[in-house]
Undergrad: 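Dropping a structure here in structure tokens format, bear with me for questions.
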Amino acid sequence: METDRLKRQLTFLMECDKLKKILRRTVLMDASRRENDAEHSWHFALMASTLLEYAGTPGLNECKILRMALLHDLVEIYAGDTFAYDLKGHEDKKDRETSAADKLFSLLPKDQENEFRRLWEEFDAMETPEAQYAAAIDRFQPFLHNYITEGHTWKEGNVHSGQVYERMEILRYAMPELWPAVDYMIQDSIHRGFLLP
């Protein structure tokens, strides 16, 4: 057994446990408390698998998508969570997250460091069909939470419908069959006062 390899893998896994402490602005669907990043990643993976039939591109690599779901927010252990509608927070987000990725993935053996980093970068670039589908699910998950909790996080951030439409735009082509449901929920949220027009 390669003890150094196993030691590096276990060190990485122990560090990743810290994801459970990173709180998001999104609350659970029962609005009892804020969701943490690990819960978001699990729910993202479950939604990605459950809703795969709605992907705009057939034959996607589900395993790759699930791995992206597990890896996509690990950098927030060091970089922190940036609220989707926080313009100021997004100014240095890429730099913070790139630096965090350097630090976190370097804990792994070189082959896994390169593989995990490539998957994280692919997700972030949103250029491949798998990354586009994964990004659509990553955006749909908190969107659904907001709709179910009567706009909890939208209200806190004074978010208006144009911002939500812009953020959800990726679903138009990554999950086109789901777009009418998204549009309905946005319009219903405006009508019911969950979201600013």
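Note: hydrogens, waters and symmetry copies are ignored here, and every other heavy atom, side chains too, is used. Owing to the predicted nature of the structure, the values given are computational and were not obtained by experimental measurement.
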Undergrad: Listing request: all side chain to side chain donor-acceptor pair (under 3.5 Å) pairs with a residue in residues 188-197, at least two apart in sequence or in separate chains.
TA: Y147-D188, D188-R192
Undergrad: Just wondering, are more than 12 heavy atoms of other shown residues or ligands nearer than 6.0 Å to OH in Y173?
TA: yes
Undergrad: Quick one, E166 and Q163 - any side-chain contact, counting heavy atoms below 4.5 Å?
TA: no
Undergrad: Are side-chain heavy atoms of Q9 and L6 found at a separation under 4.5 Å?
TA: yes
Undergrad: Going by the rule salt bridge (charged side-chain N to carboxylate O under 4.0 Å, His left out), which residues pair with D102 if we only count those two or more places apart in sequence or in a different chain?
TA: R117
Undergrad: So do the side chains of L74 and L104 get within less than 4.5 Å of each other, counting heavy atoms only?
TA: yes
Undergrad: Shortest non-hydrogen contact from G157 to F83?
TA: CA-CE2, 4.2 Å
Undergrad: Parallel, tilted or perpendicular: which one describes the rings of F105 and F116, with boundaries at 30° and 60°?
TA: perpendicular
Undergrad: Determine which pairs satisfy side chain to side chain donor-acceptor pair (under 3.5 Å) with at least one residue from residues 129-138, sequence neighbours left out, and list them in order.
TA: H40-D138, H72-D138
Undergrad: Please tell me whether H43 and H145 form a close aromatic pair, meaning their ring centres lie under 6.0 Å apart.
TA: yes
Undergrad: Taking the six-membered ring for Trp, are the ring centroids of W154 and F143 within less than 6.0 Å of each other?
TA: yes
Undergrad: Determine whether more than 12 heavy atoms belonging to other residues, nucleotides or ligands lie under 6.0 Å from atom OH of Y78.
TA: yes
Undergrad: Would you give the length of the straight line joining atom CG of L10 to atom OG1 of T3, rounded to the nearest 0.5 angstrom?
TA: 11.0 Å
Undergrad: Cut-off 3.5 Å, side chains only: do E156 and Y85 have a donor facing an acceptor?
TA: no
Undergrad: With the side chain counted from C-beta on, respond yes when E177 and E53 share a heavy-atom pair under 4.5 Å apart, and no when they do not.
TA: no
Undergrad: What's the spacing between L51 CG and I137 CD1 if we round to 0.5 Å?
TA: 5.0 Å
Undergrad: Decide yes or no for I170 and M175: does some side-chain heavy atom of the first lie under 4.5 Å from some side-chain heavy atom of the second?
TA: no
Undergrad: Are L196 and V159 packed together at the side-chain level, in the sense that at least one heavy-atom pair is separated by less than 4.5 angstrom?
TA: no
Undergrad: Do you see a donor-acceptor pair shorter than 3.5 Å between the side chains of R24 and T153?
TA: no
Undergrad: Given the rule in the side chain to side chain contact (heavy atoms under 4.5 Å, CB included) test, do H152 and M29 qualify, once you have shown the distances and angles that lead to the verdict?
TA: CA-CA 10 Å; H152 180 277; M29 288 188 182; over 6 Å; no
Undergrad: Does K93 pair with D86 as a salt bridge, N-O distance under 4.0 Å?
TA: no
Undergrad: Residues in side-chain contact (heavy atoms from CB on, under 4.5 Å) with S32, at least two apart?
TA: L28, D30
Undergrad: Report yes if some heavy atom in the side chain of H160 is under 4.5 Å from a heavy atom in the side chain of I190; otherwise report no.
TA: no
Undergrad: Tell me which donor-acceptor pairs under 3.5 Å the side chains of residues 56-71 have, and how far apart each pair is, sequence neighbours excluded?
TA:
from, atom 1, to, atom 2, distance (Å)
N61, OD1, C63, N, 3.2
N61, OD1, K64, N, 3.0
E62, OE2, S49, OG, 2.6
K64, NZ, E122, OE1, 3.1
K64, NZ, E122, OE2, 2.9
R67, NH1, E115, OE2, 2.7
R67, NH2, E115, OE2, 2.8

Undergrad: Hey, what do you get for CG (D81) to CD (E35), rounding to the nearest 0.5 Å?
TA: 9.5 Å
Undergrad: With a 4.5 Å cut-off on side-chain heavy-atom distances among I, L, V, M, F, W and Y, is there a chain of contacts connecting L23 to I77?
TA: no
Undergrad: Below 4.5 Å, heavy atoms only, C-beta onward: do V182 and F140 meet side chain to side chain?
TA: yes
Undergrad: Salt bridge check: are D183 and R172 linked by an N-O gap of less than 4.0 Å?
TA: no
Undergrad: Kindly compute the distance separating CG (D37) from CZ (F44), expressed to the nearest 0.5 Å.
TA: 12.0 Å
Undergrad: Does R96 offer a backbone N or O that forms a donor-acceptor pair with the side chain of S99 under 3.5 Å?
TA: no
Undergrad: Could you walk me through whether Q112 and R8 pass side chain to side chain contact (heavy atoms under 4.5 Å, CB included), step by step?
TA: CA-CA 10 Å; Q112 287 185 316; R8 292 179 74 99; over 6 Å; no
Undergrad: Consider only side-chain heavy atoms of I, L, V, M, F, W and Y, link residues closer than 4.5 Å, and tell whether L46 and V27 are in one cluster.
TA: no
Undergrad: Are W42 and L19 linked, directly or through intermediate hydrophobic residues, by side-chain heavy-atom contacts shorter than 4.5 Å (ILVMFWY only)?
TA: no
Undergrad: When rounded to the nearest 0.5 angstrom, what is the spacing between CG in D73 and OG in S41?
TA: 5.0 Å
Undergrad: Any salt bridge linking K94 with E97? Criterion: basic side-chain nitrogen under 4.0 Å from a carboxylate oxygen.
TA: no
Undergrad: Which atom pair, heavy atoms only, marks the closest approach of R167 to A84?
TA: NE-CB, 3.3 Å
Undergrad: Who passes salt bridge (charged side-chain N to carboxylate O under 4.0 Å, His left out) against K155, sequence neighbours left out?
TA: none
Undergrad: Rounded to the nearest 0.5 Å, how far does CZ of R25 lie from CG of N146?
TA: 10.0 Å
Undergrad: Can you name the closest pair of heavy atoms from A174 and A136 and give their distance?
TA: CB-CB, 3.9 Å
